[in-house]
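The structure appears right after this line, and notes come after that.
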Amino acid sequence: MTATVMKPGNWQKNWAARRASFEAECRDARDGLLIDAKDPVTAQLRVRDDVIRLCAASLHWKERGYSVLADEPHRFRSVLPIRRYDDFSEEIDRETRTKGGVLSCSPVLRWLKTSGTTGTPKCVPYTLHWLLNYRIPAMKAMWGTYTELHPEILAHPHATLDTQTVREYVLDFVHGVQHQAVSNRHPKLNSRDWSPPWYDSPWFGTETPTDHEGRMYHRIRHLVGRELHFISAINPSTLVSMRDIIAARRDQLVRDVREGTLDGEPCTRPDEEAARRLEAVLAEDDFTLKDVWPSLTLYSCWLSASAGLYQAKLDTLFPGVHKLPFMSCGTEGVTTIPVDATAHSQPLAVGQAFFEFVPAEVPLGELLEAGDTADTLLVEEVEEGRDYHLIMTQATGLYRLWTGDVYHVDRIDGGTPWVHFVHRDGLFHSFTGEKITETQVTRSIQQGMAGCGLETGLYLCGPRWGEPPGYVVVAEVPTPSEALSTTLSAAVDQALREINIEYASKRDSGRLLPLEVITVEHDAISSYTESRRQAGNANQYKYKPYQQDIDFVADLVGR
């Protein structure tokens, strides 16, 4: 796709016209967040009662007798069952046809797409009420923190590179309603939808390439040589890949700056001096993003849980640059919104959902699978230092939803828990947001083995850190060979791509290496497991196919 040449000054004029109102809206949203954090119980009851008002007249609530809550809101937890996403499948299927009125009495404007535990894309209802009162205010509150702590990010039109959201034409529909990722903010649904000052900038609009490398290069080309202060991302892998793309396309970037082009089309004025400066910077193999943009003062992304493992790399990429966390969230809803620079923990967003907690040691998944339930704790009942399953009720109509997320309560301030995401129940690993689960890995290996006429035996799987990272599987087979390992690697990798759409996306963008399978003799893994049992506590050690590192590769195959 060739670059579209913007009319000089048009988008900058739009930026200038939007800047003050955007800053004010974000400040107001942040103020509301801080007020709620000082009185979390009141905020929680407000959200609970809002959900009841919104849903009491819906078809699902009437049919199940839940409308009684309109008069008896205190019975909320005793009347409504804890549910998983799949438990809403019938209601969601109905709502795709009615476009509202089944789960809640607000129209569904779009369906949000994300991978389910089976790899089938979810359909999370994005309703008008949720848009206006929850999701957009959450984004504005986060940016209110960013602008409060670093006002320079709104200093001029080229000060901020926002990679958190994109604008892409939607190709998938469910009964005429768009089905898209929550990060895609196109098209704008109304005047209160997400509309930052850079909304019409040439690196943010619909004319940018849709592939990861193409889009990232497009952003880099438009902002290189500018006084960029802030790079905002969701996943730290995006920031790492940004530097990698600059390195891989350094000659092209220097040439484009020198000639004033992008993909062969006019983009900026030719600038020989800027090209020479950039060429000198990129000639160093260890150049940083701070070298490319000496004006950088801030970056943001996820900084806790597995994403925190990127910190050493980020420190190298951004020497001396301040950092702020991205909100803890999923497609289904927002859990925390940053209020300061604390990297690993932020306050529970008590105005975003009605939250309940179950101690992490309770086998909640097993209980729900068996048709049972569990007692829950409210926000004022959790304890510092403990892990909890998080259950949330959203104004989308998805009530008492257990997504499988486990959070740790770091501290309690003014009654509001400060928490950080620990892991997803059943999750194996996530380098770049692919969120691979144990179930997905097992299914992929089974499919790959079956395609080769083999039964799945013992295996070990672990994450291999690198640039880019990937996954390694060591599997027992009757007759191991290099040829079989190569065949299984391709088959299992393809199966995982089909099962997990986020894994496929990260593979396509080059942010993950292909999964590698190494075959070993039968009993190799069982013998290895037994040796570990003898080395540790024999009563506690168990065979665990999903490892946190790949030390087992050296032990089993000598590399």
Side-chain angles (χ1 to χ4, degrees), residues 117 236-237 304-313 360 363 365 387 404-406 408 421-449 454-477 480 484-485 488-489 491-493 495-497 499-500 502-503 506-507 511-559:
T117 55
S237 66
S304 64
S306 60
L309 298 175
Y310 280 92
Q311 193 57 62
K313 182 66 175 177
D387 290 350
D405 289 345
V406 175
H408 181 78
F421 173 76
V422 179
H423 64 84
R424 187 180 293 270
D425 188 77
L427 180 68
F428 165 48
H429 200 75
S430 184
F431 280 115
T432 64
E434 66 273 18
K435 297 179 181 177
I436 292 178
T437 67
E438 296 178 357
T439 301
Q440 291 170 349
V441 172
T442 299
R443 286 182 57 200
S444 300
I445 293 174
Q446 288 173 336
Q447 290 183 27
M449 289 284 188
L454 300 171
E455 294 288 335
T456 301
L458 294 184
Y459 66 90
L460 296 173
C461 181
R464 174 167 56 195
W465 283 89
E467 298 181 16
Y471 295 91
V472 179
V473 172
V474 174
E476 292 182 353
V477 295
L484 178 58
S485 296
L488 282 173
S489 295
V492 175
D493 181 72
L496 190 53
R497 289 168 64 106
I499 289 170
N500 185 312
E502 293 298 335
Y503 177 83
K506 302 308 187 297
R507 285 278 291 105
R511 283 180 278 177
L512 287 175
L513 285 174
L515 181 146
E516 180 185 10
V517 176
I518 303 170
T519 56
V520 294
E521 298 277 357
H522 270 316
D523 298 327
I525 293 175
S526 58
S527 297
Y528 171 75
T529 301
E530 191 61 28
S531 69
R532 296 284 294 252
R533 182 192 300 274
Q534 294 169 357
N537 188 324
N539 293 325
Q540 296 297 324
Y541 188 80
K542 299 178 181 179
Y543 161 64
K544 298 179 180 179
Y546 313 103
Q547 304 290 302
Q548 296 303 307
D549 54 46
I550 57 169
D551 291 346
F552 61 89
V553 176
D555 294 334
L556 285 166
V557 300
R559 68 175 177 86

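No experiment lies behind these values; they were computed from the predicted model shown. All residue numbers refer to positions in the sequence shown, counting from 1.
Between M449 and A475, the shortest heavy-atom distance links the atoms CE-CB, 3.5 Å. Minimum interatomic distance between V472 and V553 (heavy atoms only, all atoms of both residues): CG1-CG2, 3.8 Å. For the residue pair I525 and L458, the shortest heavy atom distance occurs at CD1-O, 3.4 Å.
Scanning for side chain to side chain donor-acceptor pair (under 3.5 Å) contacts around T456 gives an empty result, with sequence neighbours left out. Every side chain to side chain donor-acceptor pair (under 3.5 Å) that E467 has, sequence neighbours left out, goes to K313. Under the side-chain contact (heavy atoms from CB on, under 4.5 Å) criterion, D405 pairs with T403, Y407, F421, R424, sequence neighbours left out. Residues that satisfy the side-chain contact (heavy atoms from CB on, under 4.5 Å) test with P463, not counting sequence neighbours, are F428, H429, F431, Y471. Every side-chain contact (heavy atoms from CB on, under 4.5 Å) that L513 has, sequence neighbours left out, goes to P468. Contacts of E516 classified as side chain to side chain donor-acceptor pair (under 3.5 Å), with partners at least two apart in sequence or in another chain: R464, R559. In terms of the side chain to side chain donor-acceptor pair (under 3.5 Å) criterion, residue partners of S485 (sequence neighbours excluded) are, by chain and number, T519. Remark: A491 engages no residue in a side-chain contact (heavy atoms from CB on, under 4.5 Å) (not counting sequence neighbours).
Without hydrogens or angle criteria, N500 side chain to E434 main chain gives a donor-acceptor distance under 3.5 Å. Distance alone, capped at 3.5 Å, places no donor-acceptor pair between the Q547 side chain and the L460 backbone.
Side-chain contact check for Y503 versus D493: some heavy-atom pair is nearer than 4.5 Å. Proximity of L556 to I518: side-chain heavy atoms (C-beta onward) are nowhere separated by under 4.5 Å.
One distance of note links CG of D551 with CG of D555; it measures 7.0 Å at 0.5 Å rounding. Between the CG atom in L515 and the CG atom in L496 there is a gap of 6.5 Å [rounded to 0.5 Å]. Rounded to the nearest 0.5 Å, atoms NZ (K506) and OG (S237) are 6.5 Å apart. Taken to the nearest 0.5 Å, the CD1 atom of I499 stands 9.5 Å off from the OG1 atom of T442.
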